[in-house]
Amino acid sequence: QVTVVESGGGSVQTGGSLRLSCLVSGVTFGNRAMAWFRRAPGKEREGVSCINFTGDESEYLDSVKGRFTISRDNAKKTLYLQMNSLKVEDTAMYYCAPARYRAYCSDSWTTTEYDYWGQGTQVTVSS
């Protein structure tokens, strides 16, 4: 069974930090681009960040650039998202997803097919 388990979310004050983790099992990890998405209540899902299969290239949503850092540990089949200087607008459910075919990120990475999703981890930022 393919499992994608996000963790690390929580409630923080504006300006705080959180580190999200995503553990993947049952599917190859080291050959795929990985991405973080988020969905706030009543809003469309949006791509937050993408990292290529080796972890040396990444893309970010403009609104999180400079504040969030994506990374991966292929040996542990784990994806991370370090979130600093959190804002109220970052409040959302955060999801991790392996790309279906893509090994590298691109400007259109958010349109790449993603077959596996976890339950998400909630991030709540209050002022």
Side-chain angles (χ1 to χ4, degrees):
Q1 296 289 332
V2 176
T3 60
V4 178
V5 182
E6 301 95 339
S7 62
S11 298
V12 298
Q13 298 291 317
T14 298
S17 297
L18 287 171
R19 183 179 184 244
L20 307 185
S21 297
C22 170
L23 178 63
V24 178
S25 63
V27 68
T28 57
F29 181 89
N31 65 333
R32 304 173 185 263
M34 295 290 298
W36 284 100
F37 291 82
R38 68 185 183 187
R39 192 196 302 270
K43 298 182 179 179
E44 299 276 342
R45 182 178 65 198
E46 62 181 351
V48 177
S49 186
C50 177
I51 188 167
N52 79 326
F53 76 118
T54 56
D56 59 358
E57 180 268 337
S58 59
E59 299 287 341
Y60 294 93
L61 179 68
D62 285 343
S63 63
V64 309
K65 196 170 298 180
R67 299 187 297 118
F68 291 10
T69 302
I70 190 171
S71 62
R72 66 192 296 162
D73 186 334
N74 286 346
K76 297 180 179 179
K77 301 183 73 173
T78 302
L79 179 72
Y80 303 98
L81 185 67
Q82 178 66 47
M83 305 186 295
N84 298 325
S85 301
L86 283 163
K87 303 175 180 180
V88 172
E89 52 263 44
D90 295 318
T91 296
M93 185 72 74
Y94 283 71
Y95 299 91
C96 162
R100 178 185 292 177
Y101 303 114
R102 186 181 295 274
Y104 296 90
C105 299
S106 69
D107 290 340
S108 61
W109 66 269
T110 59
T111 66
T112 300
E113 292 88 351
Y114 298 93
D115 294 328
Y116 311 110
W117 302 87
Q119 302 95 330
T121 185
Q122 179 66 42
V123 171
T124 302
V125 186
S126 61
S127 61

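Quick note: numbers below take in every heavy atom, side chains included, and nothing from hydrogens, waters or symmetry partners.
- Separation of atoms OG1 (Thr54) and CG (Asn74) is listed at 8.0 Å; rounding is to 0.5 Å.
- Annotation: side chain of Met93 is not in contact with side chain of Arg38 (no heavy-atom distance under 4.5 Å).
- Linking Ile, Leu, Val, Met, Phe, Trp and Tyr residues whenever their side-chain heavy atoms come within less than 4.5 Å leaves Val64 and Tyr95 in two separate clusters.
- Heavy-atom minimum distance, Ala40 versus Ala92: N-CB, 3.8 Å.
- For the pair Lys87 and Asp90, the salt-bridge criterion is not met [side-chain N within less than 4.0 Å of a carboxylate O].
- Panel note: side chain Thr110, backbone Ser108; no donor-acceptor pair is recorded below 3.5 Å.
- Here the closest non-hydrogen pair linking Pro98 and Val4 is CD-CG2, 4.3 Å.
- Seen from the ring of Phe37, Arg45 counts as a face-on cation partner, given the 6.0 Å and 45° thresholds.
- Residues Val27 and Phe53 fall into different hydrophobic clusters, defined by Ile, Leu, Val, Met, Phe, Trp and Tyr side chains chained together at heavy-atom separations under 4.5 Å.
- With a 4.5 Å cut-off on side-chain heavy atoms, Thr69 and Leu81 do not count as touching.
- To the nearest 0.5 Å, atoms NZ (Lys65) and OG (Ser49) are separated by 10.0 Å.
- Residue Ser106 comes nearest to Arg102 through the heavy atom pair OG-NH1, 3.2 Å, listed as atom of the first residue, atom of the second, then distance.
- The aromatic rings of Tyr94 and Phe68 sit tilted, their planes meeting at an angle between 30° and 60°.
- Taking the centre and axis of the six-membered ring of Phe29, the NZ or CZ atom of Arg72 falls inside the cone set by 45° and 6.0 Å.
- Summarising the geometry, atom CH2 belonging to Trp36 is positioned 8.0 Å from atom CE belonging to Met83; distances are rounded to the nearest 0.5 Å.
- At least one donor-acceptor pair under 3.5 Å links the side chain of Arg32 to the backbone N or O of Ala99.
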Anything under 3.5 Å between a donor and an acceptor, one on a side chain of residues 10-24, the other on a protein residue two or more places apart or in another chain? List them.
from, atom 1, to, atom 2, distance (Å)
Gln13, NE2, Ser126, OG, 3.3
Thr14, OG1, Ser126, O, 3.1
Ser17, OG, Asn84, OD1, 2.9

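- Note that CH2 of Trp117 and CD of Glu6 are 9.0 Å apart. Values are rounded to the nearest 0.5 Å.
- Both Leu61 and Val123 are members of a single hydrophobic cluster when ILVMFWY side chains are connected at heavy-atom separations under 4.5 Å.
- Counted within 6.0 Å of CG on Asp56, heavy atoms from surrounding residues, nucleotides or ligands total more than 12; the atom is thus considered enclosed.
- Residue Met34 holds its CE atom at 9.5 Å from CD1 of Ile51, rounded to the nearest 0.5 Å.
- Under 3.5 Å, the side chains of Arg67 and Ser63 contain no donor-acceptor pair of N or O atoms.
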Subject >> side chain to side chain donor-acceptor pair (under 3.5 Å) between Thr3 and Ser25, worked out >> reply: CA-CA 5 Å; Thr3 60; Ser25 63; 2.3 Å; yes
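- Among all heavy-atom pairs drawn from Ala103 and Asn31, the shortest one is CB-O, 3.6 Å.
- Side-chain N or O atoms of Thr124 include none that pairs as donor or acceptor with a backbone N or O of Thr91 at under 3.5 Å.
- The closest side-chain heavy-atom distance from Val48 to Tyr60 is not below 4.5 Å.
- Rounding to the nearest 0.5 angstrom, the gap separating the CG atom in Asn52 from the CD atom in Glu57 is 5.0 Å.
- Salt bridge Glu44/Arg39: absent, no basic N to carboxylate O contact under 4.0 Å.
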